[in-house]
Amino acid sequence: ISIRTWKADPESATEWRVRETVASWDLGHVTPDRHDRHVMTAITAATTTYGHTHPDVQVHIALFTVLALTIDDLEIKPEALQEFVQRLQTGAPQLHPVLTYLAENLQQLPEYFPPYAASAIFAGAVQFVNSTVFDKESETMPLTEDSLPYVLYKRARNSLGEVYGFFVWDKFNFPSVSTHIQVIQ
């Protein structure tokens, strides 16, 4: 797609690229009807919330969102999730295609975000997967009244709020950390 097309209709260009990429994914047992509903959500979020960013950044954010929603929504085998971080660190193949695409997406962060933001996004995504593992392992565990602080902590870790906060500042529009560090608290 050309820059001219992006300038004329950036949302359509982003949507077309996201849909084309997702259609090329081989997600194993995950059928398109399982993740298709996430595609429009991801495209809308990327083009609306991050409309100030370059279309390449919007595509990257939308693809991340499709993967995160798919991980959150699907029953990926717990051992695949448990080994995600170790395999990511060592470069070993992931045990589920969704996790393979997530690892690739995370490895591309430096192309779109300054080092500090890329690292924070990466860390938040790892926390999200770890929290998802813990959710699966503890889903039948009864909680006591004293557990509220833990519930709030866990919600902060598996919500990806910080990740989406850092997505605002791509390296093309905000190359200096001093631009956005003032508002991250």
Side-chain angles (χ1 to χ4, degrees), residues 1 6 10-50 53-113 118-140 154-155 157-164 166-167 170:
I1 223 153
W6 280 340
E11 288 181 24
S12 292
T14 299
E15 180 175 350
W16 179 80
R17 289 180 59 207
V18 169
R19 289 187 182 283
E20 181 182 59
T21 301
V22 172
S24 74
W25 288 346
D26 176 8
L27 297 179
H29 73 280
V30 180
T31 59
D33 63 307
R34 293 290 304 253
H35 63 76
D36 275 350
R37 63 180 178 233
H38 302 314
V39 172
M40 199 63 219
T41 300
I43 292 166
T44 300
T47 59
T48 303
T49 308
Y50 308 101
T53 65
H54 189 278
D56 288 348
V57 176
Q58 293 175 32
V59 169
H60 186 79
I61 292 168
L63 295 173
F64 175 88
T65 302
V66 170
L67 294 165
L69 290 170
T70 303
I71 288 167
D72 194 49
D73 194 43
L74 292 177
E75 289 299 316
I76 295 175
K77 292 182 180 181
E79 51 275 359
L81 290 169
Q82 289 168 347
E83 293 190 31
F84 173 74
V85 176
Q86 179 182 358
R87 289 172 174 277
L88 182 65
Q89 290 170 329
T90 63
Q94 294 294 329
L95 298 177
H96 193 282
V98 171
L99 299 175
T100 299
Y101 293 116
L102 178 61
E104 291 171 3
N105 184 280
L106 294 175
Q107 291 164 352
Q108 295 167 355
L109 286 169
E111 293 176 37
Y112 306 107
F113 301 96
S119 296
I121 294 164
F122 191 94
V126 167
Q127 290 174 347
F128 164 72
V129 173
N130 282 339
S131 187
T132 301
V133 169
F134 193 76
D135 284 348
K136 288 183 181 295
E137 291 178 354
S138 64
E139 62 190 356
T140 60
K154 187 174 68 93
R155 185 175 296 149
R157 292 293 170 243
N158 68 2
S159 69
L160 290 169
E162 189 173 87
V163 167
Y164 286 98
F166 278 103
F167 277 156
D170 66 292

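Each of Phe122, Phe167, Phe166 was evaluated against Phe113; a single residue qualifies, Phe167, per the ring pair (Phe, Tyr, Trp, His ring centres under 6.0 Å) test. With Gln58 as reference, Thr14 is the one residue of Thr49, Thr14, Leu63, Ile43 to meet the side chain to side chain contact (heavy atoms under 4.5 Å, CB included) rule. Checking each of Leu109, Asn105, Val59, Leu69 against Phe64 for a side chain to side chain contact (heavy atoms under 4.5 Å, CB included) leaves exactly one that passes, namely Asn105.
The side-chain heavy atoms of Leu88 and Gln107, taken from C-beta on, include a pair separated by under 4.5 Å. Within the 4.5 Å cutoff, the side chain of Gln127 has no heavy atoms near those of the Leu160 side chain. At a threshold of 4.5 Å between non-hydrogen side-chain atoms, the residues Ile71 and Leu81 count as touching. Within the 4.5 Å cutoff, the side chain of Ile61 has no heavy atoms near those of the Tyr112 side chain. Looking only at side-chain heavy atoms (C-beta outward), Arg19 and Met40 come within less than 4.5 Å of each other. A 4.5 Å side-chain heavy-atom check between Arg87 and Leu95 finds at least one atom pair inside the cut-off. Residues Ile76 and Phe84 form no side-chain contact, since every pair of their non-hydrogen atoms from C-beta on lies 4.5 Å or further apart.
To the nearest 0.5 Å, the span separating CD on Gln94 from CD on Gln86 amounts to 10.0 Å. With values rounded to the nearest 0.5 angstrom, Thr132 atom OG1 is found 12.0 Å from Gln82 atom CD. Interatomic distance, Thr70 OG1 to His38 NE2, rounded to the nearest 0.5 Å: 4.5 Å. Separating the CZ atom in Arg17 from the CG atom in Asp56 is a distance of 4.5 Å, to the nearest 0.5 Å. Remark: Leu67 CG to Trp25 CH2 distance equals 4.0 Å, nearest 0.5 Å.
The aromatic ring centroids of His29 and His96 lie less than 6.0 Å from each other.
Put simply, the side chain of Tyr164 never gets that close to the backbone of Ser159: no donor and acceptor are under 3.5 Å apart.
For the residue pair Ala42 and Ala62, the shortest heavy atom distance occurs at CB-O, 3.2 Å. Residue Gly28 comes nearest to Pro97 through the heavy atom pair N-CG, 3.9 Å, listed as atom of the first residue, atom of the second, then distance.
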Which is it for Phe128 and Asp72 under the side-chain contact (heavy atoms from CB on, under 4.5 Å) test, yes or no, and what are the steps along the way?
-> CA-CA 9 Å; Phe128 164 72; Asp72 194 49; 4.1 Å; yes
